[in-house]
Amino acid sequence: MTGERWVEADSAWWGPGGLRGPTVALLVGGRVAEVGAAVPVGVRARRLAGTLLPGLVDWHGHAGLVDLERVRAGGIALVRDLGWEPRAV
């Protein structure tokens, strides 16, 4: 199971249903591969306090004005840049 990890959160804002109660997610290579209500029998999960969110998108970004590594660390999965040369980004 290299690169796979189960996490368990108090709630999740996921899919068309919006806010869900207690939720587990299987992470594969840093991406959510599966979302459910219970960890499979015999599997350990890392407990996360709070709400699990999908990666957020900043549709109006200026990459030359921010540290993109810090933006990503803050939960922004994608930034649409509006004003810097692509080679500089």
Side-chain angles (χ1 to χ4, degrees):
M1 273 191 147
T2 297
E4 294 184 2
R5 175 189 314 194
W6 284 92
V7 295
E8 180 180 17
D10 296 326
S11 59
W13 190 271
W14 210 268
L19 187 62
R20 304 166 58 139
T23 302
V24 298
L26 172 62
L27 306 179
V28 178
R31 294 180 171 262
V32 176
E34 184 179 330
V35 174
V39 177
V41 175
V43 174
R44 294 184 64 194
R46 181 175 180 188
R47 181 83 177 101
L48 303 174
T51 301
L52 181 65
L53 299 170
L56 303 174
V57 177
D58 181 346
W59 287 99
H60 187 115
H62 297 277
L65 298 176
V66 297
D67 178 347
L68 291 175
E69 288 184 26
R70 290 187 70 195
V71 170
R72 175 105 172 141
I76 304 296
L78 176 70
V79 175
R80 293 291 184 197
D81 183 50
L82 297 177
W84 266 260
E85 297 288 327
R87 68 180 176 272
V89 176

Between Arg47 and Asp10 (salt bridge meaning N to carboxylate O under 4.0 Å), is one present in this structure? yes
Under 3.5 Å donor-acceptor, Arg5 side chain and Leu26 backbone: no
Looking only at heavy atoms, what is the nearest atom pair of Ala12 and Thr51, with distance? CA-CG2, 3.9 Å
Hydrophobic cluster identity match, Val66 and Ile76, side-chain contacts under 4.5 Å: yes
Find out if a path of hydrophobic residues (ILVMFWY) with successive side-chain heavy-atom gaps under 4.5 Å connects Val7 to Val24. no
Where do Val79 and Leu68 come nearest, in terms of heavy atoms and distance? CG2-CD2, 4.4 Å
Rounded distance [0.5 Å steps], CG in Leu53 versus CH2 in Trp14: 8.0 Å
Could you tell me the separation between the CD atom of Glu4 and the CG atom of Leu27, rounded to the nearest 0.5 Å? 10.0 Å
State whether the side chain of Ser11 and the backbone N or O of Ala9 hold a donor-acceptor pair below 3.5 Å, judged by distance alone. no
CG of Leu82 to CH2 of Trp59, rounded to nearest 0.5 Å, is 10.5 Å
Single-linkage hydrophobic cluster Val35~Leu48, side-chain heavy atoms < 4.5 angstrom: yes
Same hydrophobic cluster for Trp6 and Val28, using side-chain heavy-atom links shorter than 4.5 Å among ILVMFWY? yes
Can you name the nearest heavy-atom pair linking Pro54 to Trp13, along with the distance? CD-O, 3.0 Å
